[in-house]
Amino acid sequence: MAFQVSEYRDLIRLLYEHPEWREELRQLLLTREVLDLPQVVREIAQTQRELAEAQKRTEQRVEELTQAQRELAEAQKRTEQRVEELAQAQKRTEQRVEELAQAQKRTEQRVEELAQAQRKSETRLDRLEQQVGELRGDMLEIRYRQRAF
């Protein structure tokens with residue numbers, strides 16, 4: 001049985017008047033995949049919104065990480081500079097220690113020379129005291145001889 005144009009127009013009017021028939025007709029004419037499309041589109045839209053929010057959070061986190069990386073690079077540069085300064089200070093300290101060690105050796109050598117001079121002086125002083133003692137003895141003898149009477 002074929003529809004005529006006037007009957008087709010009547011069908012359209014009836015479908016507008018009875019929305020429940022439209023749904024039933026949709027169920028008959030459309031496949032399950034086509035009927036599920038509105039829900040699928042809503043789910044895709046929701047997923048897209050969630051992905052956009054996740055993308056925004058990711059971009060914000062990447063910016064934070066980039067800033068942190070810049071700060072770390074600056075801190076590392078300062079640390080390397082400080083390490084260089086400390087290495088130079090270490091060199092100066094080692095040089096000063098070497099100078100002090102050499103000065104210590106010179107001082108020890110000079111102390112040894114002074115100790116030797118002291119020993120020589122003591123030896124001379126001992127000899128001098130001995131000679132003075134002998135001279136006193138001689139003087140005493142001379143005195144006794146002269147005053148023997």
Side-chain angles (χ1 to χ4, degrees), residues 1-140:
M1 165 169 158
F3 275 103
Q4 292 183 6
V5 172
S6 64
E7 292 173 342
Y8 175 74
R9 295 273 177 222
D10 289 340
L11 176 63
I12 290 175
R13 183 183 48 79
L14 285 172
L15 288 174
Y16 274 111
E17 291 174 2
H18 300 279
E20 68 279 2
W21 291 1
R22 276 186 292 187
E23 184 59 36
E24 193 175 324
L25 185 60
R26 262 192 220 108
Q27 296 291 329
L28 291 172
L29 295 177
L30 303 175
T31 64
R32 174 57 39 204
E33 291 82 13
V34 174
L35 290 172
D36 290 343
L37 276 178
Q39 180 61 31
V40 169
V41 169
R42 280 190 293 277
E43 290 172 1
I44 289 173
Q46 178 62 30
T47 302
Q48 187 177 12
R49 282 190 295 275
E50 291 170 2
L51 286 174
E53 290 173 13
Q55 177 72 22
K56 184 186 264 183
R57 287 190 306 272
T58 300
E59 288 172 355
Q60 182 179 4
R61 185 67 181 137
V62 165
E63 180 58 34
E64 291 169 0
L65 289 173
T66 302
Q67 179 62 30
Q69 186 177 19
R70 281 192 290 267
E71 292 170 3
L72 283 174
E74 290 172 9
Q76 182 166 359
K77 187 183 287 185
R78 289 190 305 271
T79 300
E80 289 171 353
Q81 183 178 6
R82 183 66 180 137
V83 165
E84 180 61 30
E85 291 170 0
L86 289 172
Q88 291 174 0
Q90 173 88 20
K91 282 182 182 178
R92 289 190 303 270
T93 301
E94 289 172 354
Q95 184 178 7
R96 184 67 180 137
V97 166
E98 180 61 30
E99 291 170 359
L100 288 173
Q102 291 173 2
Q104 176 73 23
K105 283 182 183 179
R106 288 191 303 271
T107 301
E108 289 172 355
Q109 185 178 8
R110 184 67 181 138
V111 166
E112 181 58 32
E113 291 170 0
L114 289 172
Q116 288 176 359
Q118 176 75 24
R119 285 192 292 275
K120 286 180 183 178
S121 294
E122 287 174 356
T123 302
R124 286 182 182 163
L125 184 60
D126 287 343
R127 272 190 274 151
L128 188 59
E129 286 176 354
Q130 188 180 18
Q131 290 173 352
V132 167
E134 289 175 4
L135 284 174
R136 276 188 186 164
D138 289 344
M139 282 298 289
L140 197 57

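In what follows, residues are counted from 1 in the order of the sequence shown.
Using a 4.5 Å heavy-atom cutoff, the side chains of Arg42 and Gln39 are in contact. You'll find the side chain of Arg13 reaches within 4.5 Å of the side chain of Asp10, heavy atoms only.
Between the CG atom in Leu30 and the CG atom in Leu37 there is a gap of 9.5 Å [rounded to 0.5 Å]. A distance of 11.0 Å separates CG in Leu114 from CD in Gln109, rounded to the nearest 0.5 Å. Once rounded to the nearest 0.5 Å, the distance linking CG of Leu125 with NZ of Lys120 reads 16.0 Å. The CD atom of Glu23 lies 11.5 Å from the CG atom of Leu15; values are rounded to the nearest 0.5 Å. Atoms CZ and CD, from Arg22 and Glu17 in turn, are 10.5 Å apart once rounded to the nearest 0.5 Å.
For Glu64 and Arg61, the salt-bridge test passes: some basic side-chain N is under 4.0 Å from an acidic carboxylate O.
Among residues at least two apart or in separate chains, side chain to side chain donor-acceptor pair (under 3.5 Å) pairs with a member in residues 121-138 are Gln118-Glu122.
Side-chain polar atoms of Gln67 and Glu63 form no donor-acceptor pair below 3.5 angstrom.
Within 6.0 Å of atom CD in Glu24, 12 or fewer heavy atoms from other residues, nucleotides or ligands are found, so the atom counts as exposed in its surroundings. Residue Gln48 places its CD atom among 12 or fewer non-hydrogen atoms of other residues, nucleotides or ligands, all under 6.0 Å distant.
Between Arg26 and Leu35 the shortest heavy-atom distance is O-CD2, 4.1 Å.
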request  = Show your working on side chain to side chain contact (heavy atoms under 4.5 Å, CB included) between Gln76 and Glu71 and close with a plain yes or no.
outcome  = CA-CA 8 Å; Gln76 182 166 359; Glu71 292 170 3; over 6 Å; no
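Of the options Lys105, Arg119, Arg106, a salt bridge (Lys or Arg N to Asp or Glu O under 4.0 Å) to Glu112 is made by Arg119 and by none of the others.
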